[in-house]
Visitor: 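Let me begin by handing over the structure; questions about it come next.
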There are 2 protein chains.
Amino acid sequence: MNDSDEGAGSAARSKRRDARRNQETLLDAAAAVFVRSGVEAPVRDIAAEAGVGMGTIYRHFPTRADLIIAVYRHQVDACAEAGPALLATSATPHAALGQWINLFVDFLVTKHGLAAVLRSDDAGFETLHAYFLDRLVPVCAQLLEAAAGADEIRSGIDAYELMRGVGNLCIGADSDPRYDARRLVELLIAGLRRPH
Amino acid sequence: MNDSDEGAGSAARSKRRDARRNQETLLDAAAAVFVRSGVEAPVRDIAAEAGVGMGTIYRHFPTRADLIIAVYRHQVDACAEAGPALLATSATPHAALGQWINLFVDFLVTKHGLAAVLRSDDAGFETLHAYFLDRLVPVCAQLLEAAAGADEIRSGIDAYELMRGVGNLCIGADSDPRYDARRLVELLIAGLRRPH
DNA sequence: GAGCAAAGCGGAGCGTCGTTCCGCTTACGA
DNA sequence: TCGTAAGCGGAACGACGCTCCGCTTTGCTC
């Protein structure tokens, strides 16, 4: 599960052992640097932390986005899987939606600068963008649909738009004690409710 | 009014004519480039557009933030002044708040990338940050207070936080047809309303 | 009009960043 | 043991923000 491809199991056995080891080292180093200096840390720093050259980093992760995805893949997947679970166990769909959004916000806010990078329209982050969207938008859509079906929220809310909005609200949430993204996201979710 | 200082009118008569002319040229050039390439356009581009050297730009506007402020000052001031006016003419304080926020959103959305720059925690944008905040937060606070006084919205909403939230929601609003910042801001403002 | 100090100007140049490229090193099957 | 291709490192390139300094222009004085 921690490898990119070992499914059918025939043509994939090509990587050298040192290469594989370096990839793991790189992942650990990147995670450490991301925690220390934020997601926008210079690539050189990560290379230095891992004790490898620049070439190595770019061979394993062609773009910085790929590195970020690799580092956070597990957590994004966990968040995605939490959606249906919450829907099954919560009192109402709207409650499930609120809790799920909270999960997402917590994830974003604890990674310095991830939210900012996530929304960056800089080409080269497309894959990062795409990964988050592919994984999370359908879950959000499902939750929205359930809540709309239960007549708890307005209809016509677009999951993509809502996710982007929540992501945007999380930008700069660390590094500013006067700004609490959670509170605003809560307001946004409250605004979703059907006016009666 | 278009000069920085000619108030008391004695010690201020120091600038050479060519300097003054260049400053205006620079302002026009920057405005043009901002429209064409967004607020994050390279300084070199602005210098080229104005037909001056890099040194000139940095002498007149020590940081890029100063240039941005100079270009948009009028519009920000207009927005600030619209607050009390709306409060006086609108049916309810909450309506005034909504209209005023709309004004602000329109301003941000029409300037490519301004919202993104506005929230950047990059040092050197402090003055830009400060200018917007100084000018607009008090107005927003006044509107919030009026609405809270009329029992239309929850109390305890912080004007600074709300402004940052709205600003964040406007990030990337151009350059993505699937994302309409206005709609989300509307939702946020709706979420402000006192739950009854 | 001529001379002159200083205000102003331009762009070469520095440091930082992301990314590429290529000669050397190393793992591993024959 | 040895050949070779996969893998490695870091010098090098281009883009950027910003600084610095020799040259030009301006506006005053005589």
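None of these values were measured; they are calculated from a predicted model. Every chain is numbered from 1 and lettered A, B, ... according to where its sequence line falls, protein lines coming before strand lines.
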Visitor: Less than 4.5 Å apart, side chain to side chain, heavy atoms only: is that true for B:Glu40 and B:Val117?
Guide: yes
Visitor: When you compare the side chains of A:Asp66 and A:Tyr58, does any donor N or O come within less than 3.5 Å of an acceptor on the partner?
Guide: no
Visitor: If I take atom CZ in residue B:Arg44 and atom P in nucleotide C:dG10, what distance separates them, rounded to the nearest angstrom?
Guide: 15 Å
Visitor: Once you round it to whole Å, what is the distance between C1' of C:dT19 and CG of A:Asp122?
Guide: 13 Å
Visitor: Under 4.0 Å, heavy atom to any atom of DNA chain D: which of residues 49-67 of chain A qualify?
Guide: A:Gly51, A:Val52, A:Gly53, A:Met54, A:Gly55, A:Thr56, A:Arg59, A:His60
Visitor: Rounded to the nearest angstrom, tell me the gap between atom CD in B:Glu24 and atom P in C:dG8.
Guide: 15 Å
Visitor: Might you point out which heavy atoms bring B:Ser175 and A:Asp121 nearest each other, and give the distance in Å?
Guide: OG-OD2, 3.8 Å
Visitor: Hydrogens and angles aside, do B:Asn168 and A:Tyr179 bring a side-chain donor and acceptor to less than 3.5 Å of each other?
Guide: yes
Visitor: Kindly indicate whether the side chain of B:His112, heavy atoms from C-beta on, has any atom under 4.5 Å from the side chain of B:Arg36.
Guide: no
Visitor: State, yes or no, whether a side-chain contact exists between B:Phe34 and B:Ile46 at a heavy-atom distance under 4.5 Å.
Guide: yes
Visitor: As an exercise, state the distance from CD1 of A:Ile189 to CD1 of A:Ile101, rounded to the nearest 0.5 Å.
Guide: 4.5 Å
Visitor: State whether the side chain of A:Trp100 and the backbone N or O of A:Cys79 hold a donor-acceptor pair below 3.5 Å, judged by distance alone.
Guide: yes
Visitor: Give me the first and last nucleotide of DNA chain D, going 5' to 3', that has any atom under 4.0 Å from a heavy atom of chain B.
Guide: D:dC16 to D:dG27
Visitor: Please work out whether the ring planes of B:Phe107 and B:Phe132 are parallel, tilted or perpendicular, with thresholds of 30° and 60°.
Guide: parallel
Visitor: Please list, in numerical order, the residues of residues 112-120 of chain B that have a heavy atom closer than 4.0 Å to any atom of DNA chain C.
Guide: none
Visitor: Is the charged tip of B:Arg64 near the ring of B:Phe125: under 6.0 Å from the six-membered ring centre and within 45° of its axis?
Guide: no
